[in-house]
Amino acid sequence: MRGADSVAYFTEKKMLKGTASFGHEWQGAKWLFASAQNRDTFAAQPETSALQYRGYCAAAVVAGTVAPVNPTAWMLVEGKLYLNFDKPTPEQWKRDIPGNIEKADANWPRVLSA
């Protein structure tokens, strides 16, 4: 996530940078947050604001591969956070959101070993 606060996407509806002073360890990674409140919200229920596909580009997972993300290229869909490689990618996703999620879910986590 390149230091982005995953809770802020849900609460502020925008990308905010997190700081090390509000960090939290979960699933072998250090998550950064913009505030103690966001950190504590995440720590209480990390699954509710964690990234889909472990933070890899959702569009890449649809294509059967993995790619890094740009934290400013994001979408919330049915309470889940999806990040993508670049800003045009969410526009491609909007053309068939349910179909793209279905394809990505079918490819995940197999793409990690590809």
Side-chain angles (χ1 to χ4, degrees):
M1 289 190 60
R2 298 184 182 174
D5 177 337
S6 65
V7 173
Y9 291 103
F10 296 91
T11 60
E12 304 291 324
K13 304 295 187 226
K14 64 182 179 180
M15 190 282 287
L16 292 177
K17 283 294 231 180
T19 66
S21 59
F22 301 121
H24 178 75
E25 295 281 334
W26 184 64
Q27 290 191 339
K30 183 158 187 171
W31 297 68
L32 304 180
F33 301 92
S35 68
Q37 180 178 351
N38 283 5
R39 179 201 56 215
D40 296 347
T41 296
F42 183 86
Q45 292 185 304
E47 294 84 8
T48 61
S49 55
L51 307 163
Q52 298 303 298
Y53 317 122
R54 211 185 283 168
Y56 289 107
C57 173
V61 177
V62 169
T65 189
V66 293
V69 296
N70 175 341
T72 65
W74 60 280
M75 294 180 70
L76 290 175
V77 179
E78 296 183 11
K80 295 182 179 179
L81 175 58
Y82 298 87
L83 296 180
N84 284 290
F85 180 75
D86 56 20
K87 288 187 179 183
T89 305
E91 294 303 318
Q92 295 167 347
W93 262 62
K94 288 178 185 176
R95 293 183 197 130
D96 184 14
I97 292 170
N100 285 321
I101 291 172
E102 184 178 330
K103 289 174 191 171
D105 286 350
N107 287 337
W108 187 257
R110 181 180 37 85
V111 296
L112 293 174
S113 60

Please tabulate, one pair per line, all N/O donor-acceptor pairs under 3.5 Å involving side-chain atoms of residues 22-37, not counting sequence neighbours.
from: W31; atom 1: NE1; to: W26; atom 2: O; distance (Å): 3.2
from: S35; atom 1: OG; to: N38; atom 2: N; distance (Å): 3.0

Tell me which donor-acceptor pairs under 3.5 Å the side chains of residues 42-51 have, and how far apart each pair is, sequence neighbours excluded?
from: T48; atom 1: OG1; to: Q45; atom 2: O; distance (Å): 2.8

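Without hydrogens or angle criteria, N107 side chain to V62 main chain gives a donor-acceptor distance under 3.5 Å. Side-chain atoms of N84 come within 3.5 Å of backbone atoms of A59 as a donor-acceptor pair (strictly under, hydrogens ignored). Looking at Y9, its side chain does come within 3.5 Å of a backbone N or O of P71 through a donor-acceptor pair. R2 places a side-chain N or O within donor-acceptor distance of the main-chain N or O of V69, the cut-off being under 3.5 Å.
Counting only heavy atoms from C-beta outward, the side chains of R54 and L112 approach each other to under 4.5 Å. For the pair M75/I97, a side-chain contact is recorded, criterion being any heavy-atom separation below 4.5 Å from C-beta on.
None of D105, V111, L83 except one satisfies the side-chain contact (heavy atoms from CB on, under 4.5 Å) rule with Y53; the exception is D105.
Take K94 and apply the salt bridge (charged side-chain N to carboxylate O under 4.0 Å, His left out) test, not counting sequence neighbours, and it matches E91.
Shortest non-hydrogen contact noted between A8 and L16 is CB-CD1, 3.7 Å.
Counted within 6.0 Å of CZ on F85, heavy atoms from surrounding residues, nucleotides or ligands total 12 or fewer; the atom is thus considered open. Environment of OH in Y56: sparse, with no more than 12 heavy atoms of neighbouring residues, nucleotides or ligands closer than 6.0 Å.
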